[in-house]
There are 2 protein chains.
Amino acid sequence: MTTQRTQEVRERLLAAAAELIAERGWAGVSTRVLAERAGVGPGLVHYHFSSLRALLNEAALHAVTAVVQEGADRLAGATAREGLDLLLGALDAYTGGDPVSVLFTETYLAAGRDEELRRALTRLLADFRVLLTDWLRATGVPDPDATARVLAAAMDGLMLHRPLDPSLTAEAAVPVLRRLLTGAVEEY
Amino acid sequence: MTTQRTQEVRERLLAAAAELIAERGWAGVSTRVLAERAGVGPGLVHYHFSSLRALLNEAALHAVTAVVQEGADRLAGATAREGLDLLLGALDAYTGGDPVSVLFTETYLAAGRDEELRRALTRLLADFRVLLTDWLRATGVPDPDATARVLAAAMDGLMLHRPLDPSLTAEAAVPVLRRLLTGAVEEY
DNA sequence: GATCGCCTTGGGCGAGTGCCCAAAATCGAG
DNA sequence: CTCGATTTTGGGCACTCGCCCAAGGCGATC
């Protein structure tokens, strides 16, 4: 299959793009550095993708979706205790300076300037929020829907603030966050 | 005074830069569009500033400092009730799509790639956190220091998520946030 | 009015940009 | 092996980038 090889090049370009967005910022990714990182000629970028913008959108959305999916899968059948460990784990895995955190923020920002990306991100976030809400409800948290929204936002906010506040560790934040889940976690 | 006029041009450049960072993103601000927005010749940028990078740093830091200062001043002698109103007011003033919110996020991101900017932002945030901590302590919130860190991060996270979640209004978020302040606000 | 120093202009330099395209390489089908 | 289609290459086009600089404008001081 020739399609096999084509797919592999596409994926290498997408992976390189995700790396470079985090390193250099959305607007700092050029066709040439992208091609070099992916190990292909500069012309290939516009052979496999209609535009650099489209490539960046697809790369960011693909990477962000993968991370969210993994989190969602783990959360799916988790108990209250397991869910909290999951949160805590996420908090010190994504410190704000790591590529994944930066890519998230870059993507949020880019979504503000690209309608199509914004729509896709909105849908992704909504799907995840449904899962989070279900878990909160099952755990016995009072207002699961609003709590899920705020909790998701707070997690991203913590990643945004972490590089600017070295004392903002996961251990410091989790006891406070637990107050958001009042009533459900006193046994923890 | 010739210095008078010089200062005015500098400030016009800084103001134009703050606008453009929000509109086009940090890397999307060029010397030429910046000069045009400020109403001056393109060469003036490098007469008044050592580099475009230095100009952007100063502009962003200046604008962000002004916003934080204003919030700090208002919070300084506020009661528990007034403080909560202040939070609520901030939440629906900065919706995430407005120039101020975007500028904040752009600046956080840029700080990750510029040591000097990161240092200055860290100090600014630390100063504000002290004030927030004092207010929380005076209000009777349990763990004021950690709570201040998480609360500040959560506010920024909400602004990040708002454009992607239309249902995330200030009214929906505030009751949940109030749980962070358990024990102090049951009269509210 | 002449002079001096700060402010401002606009053009120019080399480098880098997204995108395009003719030509070469590669590969599966016959 | 040959042929046709697909994939890949690298150079080129028109443009923008940050930064520099010679030239002129301008206001304050004698």
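Letters A, B, ... mirror the listed sequences (proteins, then strands); counts begin at 1.
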Tell me the interatomic distance from A:L44, atom CG, to D:dT9, atom P, rounded to whole angstroms.
5 Å

Looking for any heavy atom pair under 4.0 Å, which part of the strands does B:V45 touch: base, sugar-phosphate only, or nothing?
nothing

Take atom OH of B:Y47 and atom C1' of D:dC26, then tell me their distance rounded to the nearest Å.
13 Å

Rounded to whole Å, how long is the line connecting atom CG of A:L55 with atom C1' of C:dT17?
16 Å

Electrostatic pair A:E115-A:R118, nearest N-O below 4.0 angstrom:
yes

Rounded to whole angstrom units, what separation is found between the CD atom of B:E36 and the P atom of C:dT9?
13 Å

Extract all donor-acceptor atom pairs below 3.5 Å that involve side chains of residues 61-68 of chain A and protein atoms in other chains or at least two apart in sequence.
residue	atom	partner	partner atom	Å
A:T65	OG1	A:L61	O	2.6

The complete set of salt bridge (Lys or Arg N to Asp or Glu O under 4.0 Å) pairs with one or both residues in residues 92-108 of chain B, sequence neighbours excluded, reads A:R113-B:E106

By side chain to side chain contact (heavy atoms under 4.5 Å, CB included), A:L87 pairs with (sequence neighbours left out) A:L84, A:L151, A:M155

Over how many whole Å does the gap from A:E8 atom CD to D:dT7 atom P extend?
13 Å

Between the protein and nucleotides 16-19 of chain D, list the N/O to N/O atom pairs that are separated by less than 3.5 angstrom.
residue	atom	partner	partner atom	Å
D:dC17	OP1	B:S30	OG	3.0
D:dG18	OP1	B:V29	O	3.3
D:dG18	OP2	B:T31	N	2.8
D:dG18	OP2	B:T31	OG1	3.0
D:dG18	N7	B:R32	NH2	2.7
D:dG18	O6	B:R32	NH2	2.9
D:dC19	OP2	B:H46	NE2	2.6
D:dC19	OP2	B:L52	N	2.9
D:dC19	O5'	B:H46	NE2	3.1

Whole angstrom value for the distance that separates P of D:dT7 from NE2 of A:H48:
7 Å

Please report the distance, rounded to the nearest Å, between CG in A:L56 and C1' in C:dT17.
13 Å

Which pairs count as salt bridge (Lys or Arg N to Asp or Glu O under 4.0 Å) when at least one residue sits in residues 24-35 of chain A, sequence neighbours excluded?
none

Rounded to whole Å, CG of A:L20 lies from P of C:dG18 at a distance of 12 Å

By the rule that ILVMFWY residues connect when side-chain heavy atoms come within less than 4.5 angstrom, directly or transitively, which residues belong alongside B:V130?
none

